Every structure is written in C-alpha cells, then in structure tokens.
Amino acid sequence: MSTIISVHSFRGGTGKSNSTANLATLMAARGQRVGVIDTDIQSPGVHVLFKLEPDQMQHTLNDYLWGNCTIEQAAHDVTERVGLPPGSPGRLFLVPSSVRSRDIVRILREGYDMGLLNDGFRHLIELLKLDVLIIDTHPGVGEETLLSIAMSDVMLLILRPDHQDFQGTAVTVEVARQLDIPRMLLLVNKTPTSYNPDDVQRQVERSYDCPVAAVLPHSDEMMTLASGGVFVLQYPQHTITQSYNRVVDQLL
Amino acid sequence: VNPSEPAAPETAVSETAGEVQVRLLRDIGAWPIREGVRSTDLTALDEPLRSALNAAVRQGQTTLRVFAGGLGLNPEQAQSVLELLLSRGALRLSGAEPEPSYQVRLARSGRSGGELWQRVSTALDRRLVGGDPDQTAEPPPAEPPADEHGPADQTDDRAC
C-alpha cells in the first residue's frame, strides 16, 4: 500500500522544497521506492536540489498534462544523481515541472486538467511500484494545491515561527480538515536557535490542535548549501538530519 | 420511518436514509457544477455528499457499493444519486470490470482571467524568435533603458 504525502506551506520561503528533497532522500536511503512530483508549476524548484538541469529534463509534468508524454516518461531516476550509493535498494524518482518561461506562462494562461493530474499520481505509483509519492505543492490555498491535498493520505505542513505564517497556517489547517485529510503533521522550520524547541512545539501544537513532527533550527550550513545539494547527505550527523530522520519515522 | 433503512452518517438531525436521498437529489440539482468538481466544492458541500466525494477523490475512484456506504444509503437509493451526479458532470464512468467504477470529474485548474498571460506569452515568443527555444530564461538587456528599473521580464509585464 503506497502513501501519498503532500508537502505544503501557506507562504513561500518556508523550506518546502528543501524538506521534500531531504525527506525523499532519507526514505530512499532506507530502501523505499520514492517518487517526488513537483506540482509547483508556477514556480518550480525542487529539481535543483536533485541536481537535475533543465536540459536534462527530457519530459516534464507540463508535457504530461499537455498530452505530449506519459507520466512515467516524465519521471527521472535521480537516485545516483542525488548521491545515494549505486545499487541501493531504494530508488528516487523526480517528475519535474518545466522551468521554461513559455511553459510556465502557458500553464497560467490555459490551466490544466486536474483529473489528468490525479490519474498521473495513481499511474506513477503503479508503474514505478512506489512506496511513497511526495507532492511538492505551490504555497497558498489555490484551487490546484487544495486538490493535491484532497488526493493525499498525509499532509506535511511547513511553517516558520513567524506571525504571518501562523495566521496563514491556521487557514490551511482548517481547509485541510474540510478536505478530510486523514493525517496532518506540522514541521516548524528555520526556528531561531535562541528559541526553546520544546516550547515552540507545545505552543504550535496547542494553537492548531495538530502534532508537530519536528522543530528545525535555522542553520547556516543549510543557507550556505543554498540548494546546491541534499542537506542530509552533505551533513549526515547534523541535528537537522536527525530531526528529518524522526519525521521520516513518523511518515513511514 | 423505515427501520430497515441504513442510518445516514454525520447528519445534523436524525434523517432517514430516504430523507437523505431526497435532500441529496435536491442539493445536487441546485449545485452549480461548472466543468467538473472544484476543491471549493469538496469543502463546501453538505454532508454526507462532501465526505463521499472527498473519499472518492482520495481513493482515485469509487463503486456504487462504496459510494452508497459513504452516503449511508442502500445501493438502490445511491444509484439515483450517482446517476444524477453522472448526468450533471460531477462523476464519470472510469471502468466496467469487475463492477462499474466512477471517478470524480475534476474541473480544470483555473485559467487566469483577461488577456494578461496571452500577451505575456506573445511577448516571450517575440523575444525568443531566432533564439534557443529551450532556453529557460531570457538574458537581461546589456544596458537597461534609463527609465527602467527592473529586469527584462518586468518590462514585458508592464507592457501588457
């Protein structure tokens, strides 16, 4: 039985794509067959963390939605590219969105068939025999993003300890409940190191009546890496890596 | 009240399944479905239809038996609801074996209104004529005009 996880945030810049890439990599390192699909079609970015250059994308999610390829043709095996050892039992696949400006504009202009996207999720799981499909969503509560949540078994909602995030996250949590999401976890990211993580966790859990999977500190190492790779592979002993591992424990 | 009728789940007042069926048919008839089901529908519909459609979206598809269970109706009662949803374009038949299955017919994602994106698209095409069609970003102008302060892409947007 595979699991669809949507990784979401109300606002941009919370570390959504970074968390997606790190969690997916850890899952694959544990032997899981993991797919990541970048549904942030308006502002794609997770491919950067997997070191997939635009000229290496033979097909993208856009091509699938326009009927130019099958969903598996848009899936790229990035297992070795990301730095996982060759021959490892887990596999990591990425369905990127196009970064070509004309493709992004076309999506904005024409929209796309949401039913086809839902079918694509199911076919991808079946064809690639995925244990987990992670959906990297566009931030906010737009129509497309909400339907991605509606299709998911678990939502990981990422927020920063910031008043703007707090208010917006409350909206997202409530909408996700209206969509009957079976399971919801919060991830507090970029927390100032002066904060007590236990206090933050208690406060956030009380505010949203929702479990916090982890409170991750702001990290200069993460900032310095600047999406130039997957953090958990670059810093396997770091406290953030340990925290991501605990999140994976809760997701699998 | 027919005691043989299944109890409808999560209704505010104690309705019989027959009453739920009548209410659902009335509500679906008044539901302004446009090009399929939207996420706002999945949050705003009354129970038990909201939960049943959400479950169908999450599972990918549903059958009459499963759908009836979600609505708290027997299959005969649910059949009329399902047929109305099919005729209104909220569901579509997705398979026949081993029993008919149905998918929620999701609306296309919203298209941006107005001509903005058509004009942006035209501007991009114009700028990319003779260039590499696969290029991901347009190079900035060698020297911005004196009255321009932003990058080249913003110039296009302002031109709209």
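Residue numbers begin at 1 in each chain, while the letters A, B, ... track the order of the sequences. In this text the structure is predicted, and so the values were computed from the model without any measurement.
Of the atoms belonging to A:S98, not a single heavy atom falls under 4.5 Å from chain B. Residue A:D180 touches chain B through both its backbone and its side chain, counting heavy-atom pairs closer than 4.5 Å.
No donor-acceptor pair closer than 3.5 Å links the side chain of B:S39 to the backbone N or O of A:L147. Under the 3.5 Å distance criterion, the side-chain polar atoms of B:R58 are matched with a main-chain donor or acceptor of A:L179.
A:E144 CD to B:R108 CZ: the interatomic distance, rounded to the nearest 0.5 Å, is 10.5 Å. For the atom pair A:I41 CD1 and B:S109 OG, the distance stands at 7.5 Å (nearest 0.5 Å). Interatomic distance, CG of B:N54 versus CD1 of A:I149, reported as 11.5 Å (0.5 Å rounding). Note that the CZ atom of A:R177 and the OG1 atom of B:T43 stand 15.0 Å from one another [nearest 0.5 Å].
Heavy-atom proximity under 4.5 angstrom to chain A picks out B:R92 from residues 78-102 of chain B.
Residue A:A150 comes nearest to B:V57 through the heavy atom pair O-CG1, 3.9 Å, listed as atom of the first residue, atom of the second, then distance. Between A:D119 and B:Q103 the shortest heavy-atom distance is OD1-NE2, 3.0 Å. In terms of heavy atoms, A:E143 sits closest to B:R38 at OE2-CB, 2.7 Å. Between B:L106 and A:G115, the closest heavy-atom pair is CB-N, 3.8 Å.
Ranking A:D103, A:V175, A:I181, A:L117 against chain B, the residue ahead of the rest is A:I181, based on heavy-atom pairs under 4.5 Å.
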